[in-house]
Amino acid sequence: MILTVENINVYYGNLLALRDVTLQVGKGEIVSLIGANGAGKSTALKAISGILAPRAGRIVFDGGEIAGLPPHRIARMGIAHVPEGRGVFANLTVVENLEMGAYTRRAGREIRESIEKVFTRFPRLKERSGQLGGPLSGGEQQMLAIGRAMVARPALMLLDEPSMGLSPFLVGEIFQMIEEVNREGVAILLVEQNASMALSVAQRAYVLEAGNIVLQGSTAELQNEPGVRAAYLGG
Amino acid sequence: MLEVKGLTKRFGGIMALCGVDLRLREGELAGLIGPNGSGKTTVFNVVTGIYRPDDGSVAIEGEPLVGLAPHKIQRMGIARTFQNIRLFRNLTVLDNVRAAYHPRVPYGPVSALCRTGRFVEGEKEIREKTMDLLALFSLQVRKDELARNLPYGDQRRLEIARALASEPKVLLLDEPAAGMNPSEVKALMEFLLEIRRRFRLTILLIEHRMRLAMGICERLIVMDFGTVIAEGTPSEIRNDRRVIEAYLGRGTHPDS
Amino acid sequence: MQQVVNGLQIGFVYALIALGYTMVYGIVRLINFAHGDVFMVGAFIGLYAIERCRLPLFAVFLLAVAGAALLAVVIDKIAYRPLRNAPRIASLITAIGVSLFLEYFTALRQVFGPNYYSFPRPFAVSSREVCGVELTNLQAIIFLTTLCCLALLYYVVHRTRMGRAMRAVSHDQVTAGLMGVNVNLVISFTFGLGAALAGVGGVLYGIAYPQVNTFMGVMPGLKAFTAAVLGGIGSIPGAVLGALIMGQSETLTAAYLSSTYRDGIAFVILIAVLLLRPTGILGVPRTEKV
Amino acid sequence: MTGVQRISALARFAAPFAAAAAAGYLLEATAVVNPYWVQIFQLACITSVSALGLNIIYGFTGLFSLGHAAFYGIGAYAAACLMKFGGGESHLFFLAALAAGAACAAFVALLVGLPVLRLTSDYLGIATLGFGIIMKVLFDNADSFLPLMGGARGMTGIARMTSVPWTVVILGIVLVSARNLVRSGYGRALVSIREDEIAAGTAGIDTYRYKLAGFVAGCGLAGLAGGMYAHLYTFLHPSNFDFFKSVDVLVIVVLGGLGNISGTLVASFGWIFLLEGLRVLLPPEYIEFRWVLIPALLIVTMLLRPQGLFGFREFRFFREEAES
């Protein structure tokens, strides 16, 4: 297991947002986390990447305890979190955004190579390499956000709602990209509202409801679970 | 009821709306659908006076309202909610709704200053009305909680309650079903039908998920790239070639 | 024309101070009221370095820069960092507290002392005519030093890894953290960088207007801050532009109207500009997402 | 309500004020307490009135103002000038002068607010700061157009009219009125603007008008306080109304807690008595440490209680209680 989350409790102020959440991601695996809005999906990712500190429980990444560390230290250990809403730096150019992804890396030449690799995968970003990130379209921003995470060469990528606000066509493209990234050996923890999409790419999944994990299993099992079908797959 | 003609709005160089026409019939529950960025929320913002359009007209029951301040438009009978819930976060649930009663307080400032009988009566009346409304939304037990401490679903409901406090004729709901699972959506739908009947409302709601909008609304208005590309009943829309092309994209099914 | 050159002199000094305000505001949205007092400390370090240690001018600048930067970093750590997640007004009040503390603490007899002290001139002031305008060597030094500082600043902000991180943090702290950026470090660096420029400004100010006391930072601080807002707070070129306008308006008012109204005119301009362009001359107009 | 009930209600309402005024009168007349402290007490009452004004502006309506002292100054100069013109020692005229001072400040606030209140958050703060500095420059140069005001030399010879009963009664009336207004639909309108101006607009609240009303009312209170101040110290100087005085009031309001009447009241008294108390408590050779200790204390307080000393809690009197 590359990531093990054990019984974490996370609060917003006094509001309990996650209760006793336990989940695991294996090396090279895609795991989905599905659930309604406000169920705590994003909160789980934030706790893993250090934006929120859990009040109880353990988070072990690559053999080391990371719960409570600041985000920049966790990022340096090899977790890349693509936040909800993409988090593109609107005041930086596309290239500078990608360079920010490589912030934790020092070797200049390898960084250039990684950036070139992103450009070959997303030619549209290359066309816009000198433009600011702000005016990009939603799809381009999502590509940039994922590309930026790739430049960091993480062992684990956390993706928060990559399909949000995208046309169905782009959603398909983004999910293809996610599978490609995964084929290079990057483990992925995917949070999605679009449950059918999320289940189609993942090997395993967890269902969150009101801060608790209520179901887990292989995606094949979950897709046939009547409760999941009713609540998330629209019958 | 509500009539929008040739509405145009630019932001910098971007054409957010170009010549939008739409019409709401009295008492209907219509849906404004379209992919993200197609201009749905901008229509709401222009209709409610938050943005001023570059061109075009909006009228409610024949009364033009372009150029009026948001509060004047509200008093003409249009109330709304926001996509990214905008409650008065540090006020109690009770005060969130009572603030919306303010434009029709039955006492003047001097009366409030001196706490006259009329003030006490007026406050009592507002409180009773507020409590009735909260009861309808099952929020009465939470009346003294701060809005920011409510769970997500309650916040959405409170926002609708606040919009209803002004006794509007037209209610504009911006993605009321965001983040709900199908069974919650069903409950919301029944609830909307109920308040429409009770308050004799005309409702226009925004939803970007096609299937969901079809399940809720009697009539759909489809937008893409700042224009209305189709309108009609769900079954008409389902078979509209332009909608299928522009909205559903190439070869994907209408589930997202 | 002569007045314009004189206006540039004070304008450039204001620019050095205004940059600190604008950068700090850009990154943590804080009006750092203590910045004017950091400028004052820079001037006093300059005073001691010249008078007591008889250091060469270059070393004087280095010392003032280091002292001011260190002070700003310490202030940030003690008074602002604990309040990063508190309402913004809380750190504004501590900024005011720090400002008062620095003014009165340094005014103690045991520290700098409460009086006006004359600032030693490290060189004799001479002037020569350039294109029909009297230009003193003092003014030349001010212009050159400031321009060097600006060039250096541009390089740091736009060409270095740290500068990129600064811009990223100013846009979105949380996401910058996810990129592996140590946000607190970047913020400290920004405070230090702004203070370093103010340190240079303090020494230049001392040389140009050779009298210092511990309250000398108040008015230049307010004006530099106003300049930053005038130009568009958060914008680096805006701060420089605002400061130059401020300098001109001040010298021109003093020359042609009355020096008693000098302090007022600048603010009349400020209010007029804000009413026409609510985010300043070079500020980006913000449309709130609804 | 019958006439008798009305009168008895009025009597019940007025009794505490009468008692406080009488106590104040005795306090002053019998001189059991050092007159210096009595004067400080009055200053604290006056500061409370002014701070309440800023609390309405900033704490309740959410308008960031850094120029409050300018309105305090306008009220002070206006009332003092009027009193000098024709008031003599008449208490009735004094009241009229106070009212006129408040009205003057409110009127200027209206003129300033009309354009400036279109700005938001920090920009509004900076514009009001600018206005404050402009007013200070005008006060400094006032002798050139109205010699009576004395300009940078200060204005002297103002009658000493402010007394303990006056300050106590005025503060009391201001507190009750502020509570009544704030705990009514009008107060809810102001607070909703603070919370979310766009949502307030779509909820039917005329945001511009209420922002203006809140600003004018708050500045009016500053003017009222200024008039009392002028007739307490009988001497006015432009430096009494500079940027630092604006900051003083802001500190009080934030320390007490935004939108919290009790907090403002306690913080005003605490601040004034701390300022003056240190003057007495510190040994003379350390008196200059006063302004080293105060900011240090301020920083520590803010670090420990960033939401103000009181946060949202109010004394019972200031809480909602109009209905059962």
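Hydrogens, waters and symmetry mates are skipped; everything else that's a heavy atom, side chains included, is used. Here the structure is a predicted model, which means the values were calculated and not measured. Each chain gets a letter, A, B and so on, in the order its sequence line appears, and its residues count up from 1.
With a threshold of 4.5 angstrom between heavy atoms, V247(D) approaches chain C through side-chain atoms but not through N, CA, C or O. Only the side chain of L270(C) comes within less than 4.5 Å of a heavy atom of chain D; its backbone N, CA, C and O stay farther away. Of the two parts of I265(C), neither the backbone nor the side chain holds a non-hydrogen atom closer than 4.5 Å to a non-hydrogen atom of chain D. Both the backbone and the side chain of I299(D) come within less than 4.5 Å of a heavy atom in chain C. Contact of L255(D) with chain C is not made at all, since no heavy-atom distance falls under 4.5 Å. With a 4.5 Å cut-off on non-hydrogen atoms, I133(D) touches chain C through its side chain but not through its backbone. Of the two parts of R262(C), neither the backbone nor the side chain holds a non-hydrogen atom closer than 4.5 Å to a non-hydrogen atom of chain D. Using a 4.5 Å cut-off between heavy atoms, L274(C) contacts chain D through both its backbone and its side chain. If you measure heavy-atom distances from T202(D) to chain C, you find no contacts under 4.5 Å at all.
Atom CD1 of I31(C) is separated from atom CG of L66(D) by 6.5 Å, given to the nearest 0.5 angstrom. With values rounded to the nearest 0.5 angstrom, Q110(C) atom CD is found 6.5 Å from E288(D) atom CD. Atom CZ of residue F105(C) and atom CG of residue L293(D) lie 11.0 Å apart, to the nearest 0.5 angstrom. In this structure, CG on L303(D) lies 6.5 Å from OG1 on T94(C), to the nearest 0.5 angstrom. With rounding to the nearest 0.5 angstrom, the CZ atom of F267(C) is 10.5 Å from the CD1 atom of I126(D). Rounded to the nearest 0.5 Å, atoms CG (L250(D)) and CD1 (I89(C)) are 4.5 Å apart.
Around CZ of F107(D), the count of heavy atoms belonging to other residues, nucleotides or ligands within 6.0 Å does not exceed 12. Counting heavy atoms of neighbouring residues, nucleotides and ligands inside a 6.0 Å radius, atom CZ of F145(D) exceeds 12 of them. In the displayed structure, F112(C) atom CZ is contacted under 6.0 Å by more than 12 heavy atoms of other residues, nucleotides or ligands.
Scanning both residues, Y123(D) and P278(C), for their nearest heavy atoms gives CD2-O, 3.2 Å. Closest of all the heavy-atom pairs between P306(D) and A86(C) is CB-CB, 3.6 Å. Taking both residues in full, the closest heavy atoms of A127(D) and I271(C) are given as O-CD1, 3.5 Å, listed atom of the first, atom of the second, then distance. Here the shortest heavy-atom pairing between E285(D) and R109(C) reads O-NH2, 3.5 Å.
Y14(C) meets the side-chain hydrogen bond (donor to acceptor under 3.5 Å, both in side chains) test with E250(C); sequence neighbours excluded.
Ranked by non-hydrogen atom pairs under 4.5 Å with chain D, the options V218(C), V229(C), L102(C) are led by V229(C). Interface check for chain C: of the options I134(D), L298(D), I294(D), V300(D), the most heavy-atom pairs under 4.5 Å are formed by I134(D). The residue among V251(D), D140(D), D122(D) with the most heavy atom pairs within less than 4.5 Å of chain C is D122(D). Ranked by heavy-atom pairs under 4.5 Å with chain C, the first of L119(D), N141(D), V254(D), V137(D) is N141(D).
A salt bridge does not link K136(D) to D263(C): none of the charged side-chain nitrogens sits closer than 4.0 Å to a carboxylate oxygen.
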### Message
Show, in sequence, the C-alpha distance, side-chain angles and deciding distance for R118(D) and L275(C), and conclude whether the side chain to side chain contact (heavy atoms under 4.5 Å, CB included) test is met.
### Response
CA-CA 8 Å; R118(D) 297 191 187 279; L275(C) 292 179; 5.8 Å; no
